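Below: one structure, written as C-alpha cells.
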Protein chains: 2
Amino acid sequence: MKDNSLPTRDRILQAAGKLFHRDGIRAVSVDAIAEKAGVTKRTLYYHFRSKDDLIAAHLQTRDEPNLALFKRWFDEAEGDVSGKVAGIFRQLAHSARSAKWKGCGFLRTSVELINLPGHPALVVARAHKKRVEDWLASTFTKAGASSEAASLARQVMLLLDGAFSVVLLHRDPSYMETAAEAAADLVRHGISNSNLSAVPPTGRTT
Amino acid sequence: MKDNSLPTRDRILQAAGKLFHRDGIRAVSVDAIAEKAGVTKRTLYYHFRSKDDLIAAHLQTRDEPNLALFKRWFDEAEGDVSGKVAGIFRQLAHSARSAKWKGCGFLRTSVELINLPGHPALVVARAHKKRVEDWLASTFTKAGASSEAASLARQVMLLLDGAFSVVLLHRDPSYMETAAEAAADLVRHGISNSNLSAVPPTGRTT
DNA sequence: CCAAGTATACCGGGTAGTGAATATACACGC
DNA sequence: GCGTGTATATTCACTACCCGGTATACTTGG
C-alpha cells in the first residue's frame, strides 16, 4: 500500500502537514494522520514520541522552505529595497487569492498552542519568525540603513503577521496590498532617515 | 451555592470568558464552563443552543467594551492624531506586560475556528474588527485626511493585529512600542499628504 | 539471530449533546 | 383564597463517540 516512495517518517510528516494545514492542529487526531500516511498509529509513535513532537517536527520542515520563498520573492521583485519588500506582500496577495490559503502556519499553530507555554512547537515558531526578521534586518543593513535596520525589520514583521491575520479573518487579499504600501513607505522613509546620519551607502542592492 | 447575584445566563458567560481567556476555545470543555459557573451542563444547554453559540455570544459581550477602551485610550493620549493612535499601542504595551495578557480574544478565537467557515463566532469577530477600523477611519477623516482615511485605518489595523500576534508569540511588549512608532509615522505622513490636495482642514480633533 | 519497523487490539479518560423529570413563578377562573 | 394551567428554569443520569497513548505480538532485512 506504499504508493508513496518516501521513507515512512517523511510520509507521516507529509500527511500531518496536509491535515494540519486544512483543519488546524487540535482538530486533527493522531489516528487521522496515521491513516492518511498509510501507516498504523503504533508506527507513528515509533517515529515520533508524541503528537506534540510531531507538531514541532512538522513546523521544522516548513522553516527553511518558507524563508527561502520570502528571499526568492524579494530577489525577484523590481525596484529598490522598499519595492522588493513590497514585492513579498504582493506575492502573498497572490497566494491569498486561493481558497486553500490559510495564512501563516507558524502563526496559526502558535495561537492554538499559546496556552501551553513550554510546547516545543512554540520554540520552533519563535525561531522561524526571528530568522525572517534577522534576514530582513540584514537586507536593510546592506541597503545602507544600518542604524534603522533592526527597527525597520520589526516594523515589517508587524505588518507581515498583521496581514496574515487580517487577510485570513476577512478573506480579503486587498489588505495584503495595503500592507505592501505601508511597508514600502516605512522602509523608504526609514532608509532615507538613516542615510542622513550614516556613512555614504556602501551596501549593494544588486 | 449562587454566591454570584448575576442572572444564570450572565454567570455562564462570565465563566466561559474566564476559561476561554485562560485556556483557549477548543481546550475548554462545556463541562468545565458549567462547573465554573456553578450550573449543570443541561442548564447551560438551556441558555445556549450549542458550544459554538456560546463562543459567539461570549465574543459579542466583548465587542462594545473593547471598542470603548480603544476610544478612551485614544482620547486620553496627548498630541495630534498620530500621537493619539500611538497612545493606543502604548496602552496595549502596558497591558501586555502582565503575564495574564493573551493578545486579542477576537483574533485568537478566529484563528482557532478559521477552518469552520460558517462559524457564528467568526461573524462576530469580523464585525468587531470592522467596527474598530471604521472608527479609526472616521477619526482620520475628522483630522482632515478624508482622501487617505480609509487606507490609513487599514494600515493601522494591520499594525494592531500584527502587534497582537507578534507580542503574544515572543512575549515581548517592546514590539508594541515599535508598532506605536510605525503607526504614528504612517498616520503623520498620510495626513500631511492628504492635506496637500484636500480642502483646508475643517475637521476638529477634540 | 537480532534489531528496526509494523499490525491488532485495547485502555482510561474526556467530549458535545440529550431524555425525562422536577422545581419555580406567575395568570386565570371561581 | 385556592386550585389549576402553563412557560420558564434547572437537575441527574445517560449516550455514543473520539482522543492520545500503549501492551503485545508479528514481520522483515542484514
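Convention: sequence-line order gives letters A, B, ...; per-chain numbering from 1. Please read all numbers here as calculations on a predicted model, not as lab measurements.
- Scored by the side chain to side chain donor-acceptor pair (under 3.5 Å) test, B:Gln91 finds no partners at all (sequence neighbours excluded).
- For residues 110-121 of chain B, the side chain to side chain donor-acceptor pair (under 3.5 Å) pairs, not counting sequence neighbours, are B:Asp52-B:His119.
- Looking at residues two or more places apart in sequence or on another chain, you find no salt bridge (charged side-chain N to carboxylate O under 4.0 Å, His left out) involving A:Asp134.
- For B:Val39, whose side chain is taken as the heavy atoms from C-beta onward, the closest listed nucleotide among D:dT10, D:dT11, C:dG5 is D:dT11.
- For A:Trp73 and A:Phe89, the ring centers are positioned 6.0 Å apart or more.
- By the salt bridge (charged side-chain N to carboxylate O under 4.0 Å, His left out) test, A:Arg42 is found to be paired with no residue, residues two or more places apart in sequence or in another chain being considered.
- Phosphate contact (OP1/OP2 of D:dT8, side-chain N/O of B:His47, threshold under 4.0 Å): absent.
- Note: CG (A:Leu44) to C1' (C:dA7) measures 14 Å, nearest angstrom.
- Atom CG in B:Leu19 sits roughly 16 Å away from atom C1' in C:dG14 (whole-Å rounding).
- Ion pair B:Glu76/B:Arg72 flagged as a salt bridge, since at least one NZ, NE, NH1 or NH2 atom sits closer than 4.0 Å to an Asp/Glu carboxylate oxygen.
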Using a 4.0 Å heavy-atom cut-off to protein, can you give one letter per nucleotide of nucleotides 19-26 of chain D, 5' to 3': B if the base is in contact, S if only the sugar-phosphate is, - if neither? SBBBBB--
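- Regarding B:Ile33, its CD1 atom lies at a distance of 11 Å from the P atom of C:dG17, rounded to whole Å.
- Applying the salt bridge (charged side-chain N to carboxylate O under 4.0 Å, His left out) test to A:Asp63 and every residue at least two apart in sequence or in another chain returns A:Arg131.
- Residue A:Thr40 places no side-chain N or O under 4.0 Å from the OP1 or OP2 atom of C:dT6.
- DNA chain D lies under 4.0 Å from no heavy atom of any residue of residues 116-123 of chain B.
- Atom CZ in A:Arg11 sits roughly 12 Å away from atom C1' in C:dG5 (whole-Å rounding).
- Remark: B:Lys102 engages no residue in a salt bridge (charged side-chain N to carboxylate O under 4.0 Å, His left out) (not counting sequence neighbours).
- Protein atom CZ of B:Phe48 is 17 Å distant from nucleotide atom P of D:dT8, rounded to whole Å.
- In this structure, CG of A:Asp23 is placed 15 Å from C1' of D:dC18, rounded to the nearest angstrom.
- For B:Ala16, the side chain to side chain contact (heavy atoms under 4.5 Å, CB included) partners at least two apart in sequence or on another chain are B:Phe20, B:Ile33, B:Leu54.
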